[in-house]
Amino acid sequence: MARQLADNPRIVLGLPTGQTPIPLYRELIALYRAGRVDCSHATTFNLDEFVGLGSHDSTSYQRFMCRHLFDHLNFSPRRTHFLNGMAPDAVAECARFEKAIDRAGGIDLMVLGLGRNGHIGFNEPDRALVARTHRTRLSLSTRRANAFLFGDQLRAVPREALSMGMATILSARRIVLFVTGRTKARLVERVLDGRITPRVPGSFLQLHRDVEVWLDAAASLPASSSRRRGSTSSPIASRTKS
Ligand code: GLP
């Protein structure tokens, strides 16, 4: 990311929430503090937001991003875009977001994490996916995975969200996917080498011509051997599909 920002200071980034990117954001902040990164001309679009949560809700993804990234670097608030979970008209809000991405010239670098059920953004496993930014229902497993943001109170986790669609994500010029932890080892095999199916939304990334995948050792071992070795953290290995 730092290199991309240096090469193209006006870069348009797509950014995820979740536990996975937190160390990445921490590194970026460290580089900024060391004077090695300038974000003042970059534009960002966040992937998703819970319906019913706004910029002032401590549990919103917008606040998550401020806490973990934006409060610590010099991104311009004018060029930092979020879906508004409080918007009275979700359809209009999603259309506004798509238009803003278009106006910015499209996303240059889309950074992604992978949900435990194979979702990307909040494109949940289903019989079919929605192409563009839309309102969506969250599965129980996704609500469980997000409960940590709500003091482990599953009841407090919203049932719906707004999310970039899979086509919005695949329109990015370049994609980097980060997957860590042994619980995702088997899933990552299905994402990278399995059939392309809406039951595993991440599998649609196989259709993109410039995806870089970063796995830590735990996520890159077959699920059985990672269980045997029980490794959870070690250098990250990269794998490019083009
Ligand atoms: C959430 C987000 C996704 C993210 C996923 C993975 O559900 N909507 O964009 O990739 O969680 O989270 P984690 O990195 O915590 O496993």
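Read the numbers this way: they start at 1 and go in the same order the structure lists the ligands and their atoms.
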What residue and heavy atom of the protein are closest to [atom], and at what distance?
| atom | answer |
| --- | --- |
| atom 12 (O) of ligand 1 | Gly18 CA, 3.8 Å |
| atom 3 (C) of ligand 1 | Gly121 O, 3.5 Å |
| atom 8 (N) of ligand 1 | Asp48 OD2, 2.7 Å |
| atom 7 (O) of ligand 1 | His119 NE2, 2.9 Å |

Could you tell me whether the side chain of Asn8 and the main chain of Gln4 form a donor-acceptor pair under 3.5 Å? no
Pairing of Arg135 and Glu160 as salt bridge, 4.0 angstrom limit: yes
Any ion pair linking Arg186 and Glu189 (charged N to carboxylate O, less than 4.0 Å)? no
Give yes if a backbone or side-chain nitrogen or oxygen of [X] is under 3.5 Å from a nitrogen or oxygen of ligand 1, and no if not.
| X | answer |
| --- | --- |
| Gln19 | yes |
| Thr17 | no |
| Arg116 | no |

I'd like to know if Tyr61 contacts ligand 1, where contact means a heavy-atom distance under 4.0 Å to any ligand atom. yes
So for Ala145, does at least one of its heavy atoms come nearer than 4.0 angstrom to any atom of ligand 1? no
Mind jotting down which residue pairs meet the ring-ring contact (aromatic ring centres under 6.0 Å, His included) criterion with at least one end in residues 12-33? Sequence neighbours excluded, please. none
Please check if Met166 and Ile196 belong to a single hydrophobic cluster, counting links between Ile, Leu, Val, Met, Phe, Trp and Tyr side chain heavy atoms closer than 4.5 Å. yes
Going hydrophobic residue to hydrophobic residue with side-chain gaps under 4.5 angstrom, can you get from Ile22 over to Leu149? yes
Candidates Thr20, Leu114, Asn117; heavy atom nearest atom 6 (C) of ligand 1 found on Leu114
Identify which of Glu124, Arg143, Lys184, Glu49 has a heavy atom lying nearest to atom 16 (O) of ligand 1. Lys184
Within the 6.0 Å centroid threshold, strictly below: Phe82 and Tyr61: no
Number the atoms of ligand 1 from 1 as they appear, then name those within less than 4.0 Å of a heavy atom of Gly113, with their elements. 10 (O)
Nearest heavy-atom contact between Ile175 and Ile169 is CD1-O, 3.7 Å
